[in-house]
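Structure, as structure tokens:
First the proteins, then the strands, lettered A, B, ... as listed; each starts at 1. Computed from a prediction, not measured in an experiment: that's the story for all the values here.
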Amino acid sequence: MTPDALAACVRDALAGLVSAGTLSIDVPAEVHIERPKSREHGDYATNIALALAKQAGVAPRVIAEQLAVELAKTDGIASAEVAGPGFINITLDTAAQGEVARRIIEAGEMFGHGDALAGRSVNVEFISANPTGPLHLGHTRWAAVGDALARVLTAAGATVAKEFYINDRGVQMDKFGASVMAAAHGQPVPEDGYQGGYILDLAAEIVAEQPDLLALPADEQMPAFREAAYARQLAQQQHVLALFRTVFDVWYSERSLHESNAVEHGFEKLREHGHVYEMDGAVWLRTTDFDDDKDRVLIKADGEYTYFASDTAYYVDKRERGFDLCIYLLGADHHGYVNRLRAVAACAGDDMDDNVEVLIGQLVKITRAGEEVKLSKRAGTIVTLEELVEEVGVDAARYSLIRYPVDSPLTIDLEVIKLRTNDNPVFTVQYAHARVSSVLRNAADIGIDWRALGFDPGLLVHERENELLGALAEFPRIVAGAAELREPHRIARYLEALASTYHRFYDACRVLPRGDEEQSGEHLARLWLCASTRQVIANGLGLLGVSAPERM
RNA sequence: GCGCCCGUAGCUCAACGGAUAGAGCACUUGACUACGGAUCAAGAGGUUGAAAGUUCGAAUCUUUCCGGGCGCACCA
């Protein structure tokens, strides 16, 4: 019996009361089933009687009493009791609870997957940095969270594409080119250029491979250096992200948007919907029709398209490529874009609540043993994605960035996430996986083929077994919730609780026969419980892009 | 000035309007003839920034303050 199945039982019981005339309500589509914090409150609890009291015009406890009687008759439910103001505390039959282990093993890697977002085609755009330098910490939070979000949405049934928009057009690119060119000539980079040491490295690489660039006429030389440096810097970003296990399905060049006339096309599309007008020699989009605080210019008085025009065209292009939900992950310094991006969707004739979502992530602060690491481009103390991975490893970096909700500012201590102790939650979770793997290895070594032998779920009667089964049964709901709320950190928090629950079980319940002890049904049932725990931890870590080691 | 986000244990942070606000670390005290002790058990630690409101019930929703972060281009 899973929480979802139990919710269906509660709905059936309500429908029964309604048709019998004892209750006068509309049977709700959703019944909230929760796992009580206190074990004294049974395996599951529901507040449905409290929620329905007003509509029914009856005291919540009265509804609860009637419903509890019905529920207690249901197969798989051992008891249903009314508590407090009208909660119903439900205890399952041991066997009904234990069946969860079988379902997990049968579903394998698919356990936790659902169909809540089936049929949705989702574009998740994140990072989208200029190709003018290395990816830094601000990008890194999204590299981890965006990738995990895409995995979670996929698990919820959506078709997902991860997309990186390359800002490869405009004055920043020219400054980048000019900086590299200056460095190649051994000159100081321009005042408003890019200062980092990587510029010198890029210049040296390019000169070594293409020395003839230095001899080009002045007006051809900067573009030549710009293009050579662009290619190398983009490749470097792609390489680093691949190491970080964040692999994009689409790298979309802003230039290509202009070269394919998509900007004109997007502009025409907006014009068709009637939100475009001219004023002071410029062409504007009336985004104030849809909650933006001011209208935005599409074409400047000098006839040039604005960057905003690219954004609108890019949105139209995504929709025409078949995505019905465009998710943008932006840093807090871009929160002013939220309303205008939503307005763009509305101006293009879309539903700004359904076709577009903008998630804002707060900034990341780095400390080392409690001391803040100042991030300064000029002083060269920027922490790059590559450096973070070199220092703490991919697993610790990804996990540490994912386990916090993105709407609060985050402080990460480099010393802490390197620790291989409980200070560092990623190791707690990975250790639990390694520990359970070890038990299963030992079982195989002494010749127990648990999978072939099967098990009796009714034997899992220990309190710690019950806790663990309950925690495992939660996983599909956790995944669905993380997808619906776009909050992958829920997976991490769940895994930490599951790891802790497993350790408590392990401490109290001997799994394998000792010495010359006979192998019993209890041993087998516990092995199935272990195997299903390993499966769920592995599935959860997989959603975060973190490895699940068999040994550590 | 206008707008968005945040404020929870000493620290880093959880908690889709639910029951006694929870974890980890740090602190105190226990459990090792160990299926991986990288573990477990127990204790202490809180006026959820403040005040009012909404309701059976508020850290969560509303309003007003206080404090912190970020943003308000015919830049990209």
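- Taking only side-chain nitrogens and oxygens, H489(A) comes nearer than 4.0 Å to OP1 or OP2 of rA15(B).
- For the residue pair R441(A) / S437(A), no side-chain donor-acceptor distance below 3.5 Å is found, with atom types taken as modelled.
- Taking the six-membered ring for Trp and thresholds of 30 and 60 degrees, W528(A) and F455(A) have nearly parallel ring planes, at less than 30 degrees apart.
- In this entry the distance linking NZ of K54(A) with P of rU54(B) reads 12 Å, nearest Å.
- Ring geometry, H275(A) versus F290(A): the interplanar angle exceeds 60°, so the pair is classed perpendicular (tilted spans 30 to 60°).
- Taking a centre distance below 5.5 Å and an interplanar angle below 30 degrees as the stacking criterion, F87(A) stacks against the six-membered base ring of rA19(B).
- Rounded to a whole Å, the CZ atom of F505(A) is 17 Å from the P atom of rU39(B).
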Summarise how protein sits on nucleotides 69-76 of chain B as a single string, 5' to 3': B when a protein heavy atom is under 4.0 Å from the base, S for sugar-phosphate-only contact, - for no contact.
-BS-SBBB
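- F505(A) and H462(A) have their aromatic ring centers separated by at least 6.0 angstrom.
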Write down the protein N/O and nucleotide N/O pairs, taken from nucleotides 60-63 of chain B, whose separation is under 3.5 Å; answer none if there are no such pairs.
none

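- If you take CD of E496(A) and P of rC25(B), they are 11 Å apart, rounded to a whole angstrom.
- Between the CZ atom of R477(A) and the P atom of rA15(B) there is a distance of 16 Å, rounded to whole Å.
- The CD atom of E34(A) sits 11 Å away from the C1' atom of rG17(B) (whole-angstrom rounding).
- Distances shown here put every side-chain N or O of R504(A) at or beyond 4.0 Å from the OP1 or OP2 atom of rC40(B).
- In this structure, F164(A) has its ring center at least 6.0 angstrom away from the ring center of Y252(A).
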In dot-bracket, 5' to 3', how would RNA chain B read with Watson-Crick or G-U wobble pairs under 3.5 Å, [ ] for crossing ones and | for pairs to another strand?
(((((((..((((....[...)))).(((((.......))))).....(((((..]....))))))))))))....
